[in-house]
Amino acid sequence: MGYVVTVKAPGKVILYGEHAVVYGEPALAMAVNKYVYVTAKVRDDGKIGINAMDLKLAGLSVTILENGDIVARTDYGAVISALSYVKRALEIAMEYVGKRVGVDLLIRSEMPVGAGLGTSAAVAVATILAYVKALGYDIDKRELARLAWQVEKDVQGAASPTDTTMATFGGLIYIKPEGNSVIMEPVKPGTEIPLVIGYTPRVSTTKELVAMVRRKLESMRDVIEPIIKTIGVITRRGREALEKGDLELMGTLMNINHGLLDSLGVSTRQLNEMVYAARSAGALGSKLTGAGGGGCMIALSDKVDVERAIELIGGSVLSARLDSEGARVIDDKSLPTLI
Ligand code: PMV
């Protein structure tokens, strides 16, 4: 034995329907070609080594003082939380193969951690798949998605299966809550979907934002319920536009969806500025994506001007396309081999 296996698993954005999906309306999620990479190498001493340089770098800030001293500050909170997903994913992968074999893991991320792009799910999926494959075993995707969802539930207490499904299968998925379960239907796009993702640090957690919307709904049901229902209508129309390849209509629906999310109070001034700057620079549509409270926005565009406009507002930018394969083993000799 002694295999070295590298796996990549994609992040995701929500095109339409966040928050409304909590109340039974549909949502539409898209896996993006930005990845978490996990390399696993079997060790013969039974120990586990984890090298997560990139996860650390995502939260690293370096300041050079006037006297030349360098002050480095790492967002250990984000790193430690990402590592708790790795630890649980390894335990669950060991249960799956039925033995405990030591490994060195190298974890890298092309996405910011904790911004709502589903990095924790991608870490869980990629860690399980890399471990299982490095030991010479197989796992089918349904089982992989189920185990990775279990990791999220164990670490967070509760989790929707959306992110782990996206990281496992990739593609576009229409999510329909039905009673206590969730139906996920793959959607075939009628055209390529060019996205610019802009992100800023998050100031509120998903849990806080979901609770805030619930309080509003409970205190003003007659006002808030129609907004939630309309977001559901937008998601259904958005799916049709996507299947037809009607990017213009998709953009218009994103704009309306953003206005409604803002009216629920989940946007921030900086997210709004990025959303409007993207439109002024020529995006067909733009909206916050995920829970809000800072974090990410998406713009339907492949224009460099849109990226520059978001950066001018202080956002960081990733340009993204659909990932239609989901988690997979890669043979990429070009990746740095640190282990
Ligand atoms: O923060 P994200 O990208 O995981 O999005 C959360 C989406 C919500 O609809 C706000 C919550 C949920 O569980 O669906």
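Any value given below was found using the heavy atoms of this structure, including those in side chains, with hydrogens, waters and symmetry copies removed. Just so you know, ligand 1 is whichever comes first in the structure, and atom 1 is the first atom listed for that ligand. This is a predicted model, so every value here is computed, not measured.
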Quiz item: Considering only protein heavy atoms, which is closest to atom 14 (O) of ligand 1, and at what distance to one decimal place?
Solution: Val21 CG1, 3.3 Å
Exercise. Below 4.0 angstrom from a heavy atom of Gly116, which ligand 1 atoms are there? Numbered from 1 as shown, please.
Key: 3 (O)
Self-check item: Connected via hydrophobic side-chain network under 4.5 Å: Tyr276 and Leu264
Solution: no
Exercise. Could you list the atoms of ligand 1 found under 4.0 angstrom from a heavy atom of Glu18?
Key: 9 (O)
Quiz item: Considering only protein heavy atoms, which is closest to atom 12 (C) of ligand 1, and at what distance to one decimal place?
Solution: Val22 CG2, 4.0 Å
Quiz item: Does Arg202 approach ligand 1 within less than 4.0 angstrom via side chain, backbone, both or neither, non-hydrogen atoms only?
Solution: side chain
Practice problem: Count the heavy atoms of every other residue, nucleotide or ligand shown that sit under 6.0 Å from CD of Glu95, and state whether that count exceeds 12. | Solution: yes
Quiz item: Can you get from Ile224 to Tyr16 by hopping between Ile, Leu, Val, Met, Phe, Trp and Tyr side chains that sit under 4.5 Å apart?
Solution: yes
Quiz item: Between the main-chain N or O of Met94 and the side-chain N or O of Lys99, is there a donor-acceptor pair closer than 3.5 Å?
Solution: no
Quiz item: How far is atom 4 (O) of ligand 1 from its nearest protein heavy atom, and which residue and atom is that?
Solution: Lys12 NZ, 3.8 Å
Quiz item: Has ligand 1 got any nitrogen or oxygen that is less than 3.5 angstrom from a nitrogen or oxygen of His19?
Solution: yes
Quiz item: Is there a donor-acceptor pair closer than 3.5 Å between any side-chain N or O of Thr289 and the backbone N or O of Ile14?
Solution: yes
Quiz prompt | Over-ring placement of Lys8 relative to Tyr35, 6.0 Å and 45° cut-offs | solution = yes
Practice problem: Give the residue and atom name of whichever protein heavy atom lies nearest to atom 13 (O) of ligand 1, and the separation in Å to one decimal. | Solution: Ser160 CB, 4.3 Å
Quiz item: Using 4.0 Å as the upper bound for N to carboxylate O, is an ion pair formed by Glu18 and Lys287?
Solution: yes
Quiz item: Could an N or O of ligand 1 be found under 3.5 Å from any N or O of Gly290, whether backbone or side chain?
Solution: no
Quiz item: Which residue and non-hydrogen atom of the protein lie closest to atom 1 (O) of ligand 1, and at what distance in Å?
Solution: Thr206 OG1, 3.2 Å
